[in-house]
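Just so you know, these numbers come straight off a predicted model, no measurement behind them. Each chain gets a letter, A, B and so on, in the order its sequence line appears, and its residues count up from 1.
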Amino acid sequence: MTTIKLDADFYQQDALVVAQKLIGKLLVRRLQGTEVICKIVETEAYIGPEDKGCHAYQNKRTKRTEAMFTSGGHAYIYVIYGMYYCFNVVASVKDKPEAVLIRAVEPIAGIDIIRENRAIKSMKIAALTNGPGKLCQALNIDKKLNGYNLISEDELYLTGDNTDQDYQLVATKRINIDYAEDYKDKPWRFYHQGNPFVSKL
DNA sequence: CCTGCGATCGTCT
DNA sequence: GACGATCGCAGGA
């Protein structure tokens with residue numbers, strides 16, 4: 001298939017724009033000599049200094065958040081609950097910490113490899129990739145890829161090839177950020193309506 | 001279908 | 001020393 005990588009112009013927009021445009025785009029991960037491909041069906045935007053739900057609230061700059069301050073088009077990957085990883089796409093320009101959390105994807109190609117990576121009893125296919133920690137496990141995404149360049153490298157990247165344009169985009173509040181006070185109810189979570197791989201309705 | 005709970009540890013204070 | 005942008009399983013309806 002033709003692979004048209006998303007470029008710097010795409011990533012260096014506001015996280016709110018990137019988060020919405022990423023729905024329906026393809027996430028490509030090179031594993032075992034083949035390309036495992038998933039369609040993005042759910043995202044959340046986190047917006048730098050103003051957002052109390054963002055790790056980089058008030059431009060907080062630590063070893064963990066450093067990747068958020070790179071230019072749009074890099075990966076921001078962190079450990080959550082001591083056991084799982086979350087994969088974000090950095091948006092906006094250098095030194096403006098904005099990112100889009102990829103919360104759920106739908107497997108398109110290479111599902112056998114995804115199954116290998118996800119040892120669970122459940123027979124439900126949706127359980128393979130319907131959550132941020134799950135999709136990282138499914139695609140073997142971990143901290144080694146923190147700061148990875150999604151524009152110029154080939155192990156992990158995104159493409160604009162859409163398998164279908166025919167979906168409704170829904171905006172709701174973000175998941176599990178009850179501590180974020182007046183920012184916890186901002187409608188900055190986006191998903192492909194009705195897609196069975198979305199983590200929560 | 002839904003709710004509750006324990007696991008587990010890197011990161012920051 | 002405390003917490004968290006989560007997950008899988010058990011148990012009940």
Side-chain angles (χ1 to χ4, degrees), chain A residues 14-16 18-20 22-23 27 38 40-70 72 74-92 96-107 114-148 150 170-192 194-201:
Chain A
D14 293 344
L16 273 174
V18 175
Q20 294 174 71
L22 278 179
I23 303 295
L27 176 62
C38 293
I40 295 171
V41 300
E42 179 180 354
T43 62
E44 282 179 0
Y46 288 84
I47 305 179
E50 64 169 271
D51 181 2
K52 291 175 186 166
C54 181
H55 293 156
Y57 175 52
Q58 292 181 327
N59 281 316
K60 186 161 124 180
R61 201 157 183 156
T62 66
K63 194 176 175 192
R64 178 177 66 160
T65 64
E66 196 59 33
M68 285 191 76
F69 290 83
T70 62
H74 291 82
Y76 169 46
I77 297 164
Y78 62 90
V79 183
I80 186 66
Y81 297 106
M83 328 162 65
Y84 301 104
Y85 298 101
C86 285
F87 169 54
N88 295 249
V89 172
V90 176
S92 191
K96 277 187 76 179
E98 302 193 7
V100 177
L101 171 67
I102 308 301
R103 282 196 57 88
V105 299
E106 172 180 347
I114 288 175
R115 283 187 194 281
E116 268 177 49
N117 290 336
R118 296 270 302 142
I120 51 171
K121 290 182 184 174
S122 172
M123 284 280 95
K124 295 185 64 174
I125 297 173
L128 291 172
T129 54
N130 64 345
K134 298 178 190 180
L135 71 90
C136 282
Q137 203 173 66
L139 298 176
N140 203 17
I141 294 172
D142 63 23
K143 267 195 66 181
K144 290 194 295 291
L145 291 167
N146 188 36
Y148 194 79
L150 304 169
V170 185
T172 66
K173 62 193 235 181
R174 295 171 291 176
I175 306 286
N176 284 346
I177 52 160
D178 288 346
Y179 54 84
E181 301 175 21
D182 47 321
Y183 278 80
K184 76 180 174 64
D185 292 325
K186 297 281 185 190
W188 292 351
R189 169 177 176 248
F190 305 96
Y191 64 86
H192 176 166
N195 187 289
F197 291 86
V198 171
S199 66
K200 278 189 190 177
L201 298 178

Check the distance between [N]'s [atom2] and [X]'s [atom1] and give it to me in whole angstrom.
| X | N | atom1 | atom2 | answer |
| --- | --- | --- | --- | --- |
| A/Arg64 | C/dA5 | CZ | P | 7 Å |
| A/Glu42 | C/dA5 | CD | P | 16 Å |
| A/Trp188 | C/dA5 | CH2 | C1' | 14 Å |
| A/Lys60 | B/dT13 | NZ | C1' | 9 Å |
| A/Glu66 | B/dC12 | CD | P | 10 Å |
| A/Ile80 | B/dT8 | CD1 | P | 16 Å |

So, is [X] near the phosphate of [N], with a side-chain N or O under 4.0 Å from OP1 or OP2?
| X | N | value |
| --- | --- | --- |
| A/Arg118 | C/dG8 | yes |
| A/Asn176 | C/dT6 | yes |
| A/Tyr84 | B/dC9 | no |
| A/Lys124 | B/dC1 | yes |
| A/Arg189 | C/dA5 | no |

Check your understanding: Could you walk me through whether A/Tyr76 and A/Arg64 pass the side-chain contact (heavy atoms from CB on, under 4.5 Å) check?
Key -> CA-CA 9 Å; A/Tyr76 169 46; A/Arg64 178 177 66 160; 3.7 Å; yes

Exercise for review: Take A/Arg61 and A/Glu66, measure what side-chain contact (heavy atoms from CB on, under 4.5 Å) needs, and give me the verdict at the end.
Suggested key: CA-CA 6 Å; A/Arg61 201 157 183 156; A/Glu66 196 59 33; 3.0 Å; yes

So [X], base contact, sugar-phosphate only, or nothing? Heavy-atom distance under 4.0 Å.
| X | value |
| --- | --- |
| A/Gly133 | sugar-phosphate |
| A/Gly53 | base |
| A/Lys184 | nothing |

Exercise for review: Working to the nearest 0.5 Å, report the span between CH2 of A/Trp188 and CZ of A/Arg174.
Suggested key: 5.5 Å

Check your understanding: Is there a Watson-Crick or G-U wobble partner for B/dT8 with both distances under 3.5 Å, and which nucleotide is it?
Key -> none

Check your understanding: Is a donor-acceptor contact shorter than 3.5 angstrom present between the side chain of A/Tyr78 and the base of C/dA5?
Key -> yes

Review point. Within 45° of the six-membered ring axis of A/Tyr183 and under 6.0 Å from that ring's centre, is NZ or CZ of A/Lys186 located there?
Key: yes

